[in-house]
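One structure is given below, encoded as structure tokens.
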Amino acid sequence: MKSPPVHTAPRGRAARAWRYAYRTPLLAWHVLVDLPITLLLIALGRGGRLSHAMVRWWSGGLLRVFGMRLQRMGTPLPGGTLFVANHVSWVDIMVLHSQHMMGFIAKSEIRRWPLVGWITTHAETIFLQRGNGDSLGQVMAEMVQRLRAGRAVAAFPEGGTRDGRALGAFHARIFATAVEANAPVQPVALCYGAGCEAQAIVAFAPGESFLGNFLRLLGEPARPVRVCFTAPVDPGRHDGRRGIAEAARAQVLAAMQAG
């Protein structure tokens, strides 16, 4: 006697509906209660330890609402370090901020994104106007100044998000700031799901907006997120910024494949 067919689609829709049902109130609390408190304490902290702690706390809380369970490997370097990571989605910023305070280089459009825009604006983000050569020069000058002052800076050297299926080339220009400031570079690998199997799920779908991606991920199953801080790269041990870029990419790729 044949077994009755298993209807996975209705079950999948029911599970997604259940996740929306219990995560939406958690998200509302995190936005309406936790966010104002966070922004107030960031302001009172005036860029010090309290401010940094609140950014980490709020970012980690948002990830928990989305069912993302963080697993950290390695330790972020203190002081003036250039952190570089593979870029999958807006979630990357929250993952890195949950582990260590770092001022991101981000496109100016992020200012207008709900939630993420608010927290990044108060988290030492350096906004870049794409296609504006003057803006890029100003951003790089600010990066050098912060690194020399002992403050962490983070960038996504792929230059933008991809489909999550492959690691793109690391553009070398951003690494010139580490050379000029004589600051270490620490590559960071971000892996969503066991063995990075959920990279394409977390990534933006073709034509998908921030809000569309945000709402879709809110209904996704809980999954691990591995953030791997690899060995620092000494700019002085490589042949210019291109050599640093290649070494950093190789470390990120190796860490992703190891997962």
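Not measured: the values here are computed from a predicted model.
- Aromatic ring pairs are classed by plane angle as parallel below 30°, tilted from 30° to 60° and perpendicular above 60°; the pair W90 and F210 is perpendicular.
- A donor-acceptor pair under 3.5 Å is absent between the side-chain atoms of D34 and the main chain of V31, judged by distance alone.
- At least one side-chain heavy atom of E220 sits under 4.5 Å from a side-chain heavy atom of R16.
- Heavy-atom minimum distance, A183 versus P235: O-CG, 3.0 Å.
- Taking the six-membered ring for Trp and the full ring otherwise, H100 and F229 have centroids separated by 6.0 Å or more.
- Pairing of C191 with C196 by a disulfide is supported, the SG atoms lying closer than 2.5 Å.
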Report, one line per pair, each donor and acceptor closer than 3.5 Å where one atom sits in a side chain of residues 241-252; sequence neighbours left out.
unit_1	atom_1	unit_2	atom_2	d
R249	NE	G168	O	2.9
R249	NH2	L167	O	2.7
Q251	NE2	T230	OG1	2.8
Q251	NE2	A231	O	2.8

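- Across all their heavy atoms, V95 and L63 have their closest contact at CA-CD1, 3.7 Å.
- In this pair, W58 and H30 present their aromatic rings parallel. The plane angle is below 30°, not in the 30 to 60° band.
- Of the residues Q186, R146, M143, the one that meets the side-chain contact (heavy atoms from CB on, under 4.5 Å) test with L82 is M143.
- Of all heavy-atom pairs spanning I42 and V55, the tightest one is CD1-CG2, 3.7 Å.
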Could you walk me through whether R151 and M102 pass the side chain to side chain contact (heavy atoms under 4.5 Å, CB included) test, one step at a time? CA-CA 7 Å; R151 298 163 64 190; M102 51 188 81; over 6 Å; no
Chi angles and distances behind the side chain to side chain contact (heavy atoms under 4.5 Å, CB included) call for F66, V91: CA-CA 10 Å; F66 278 73; V91 186; over 6 Å; no
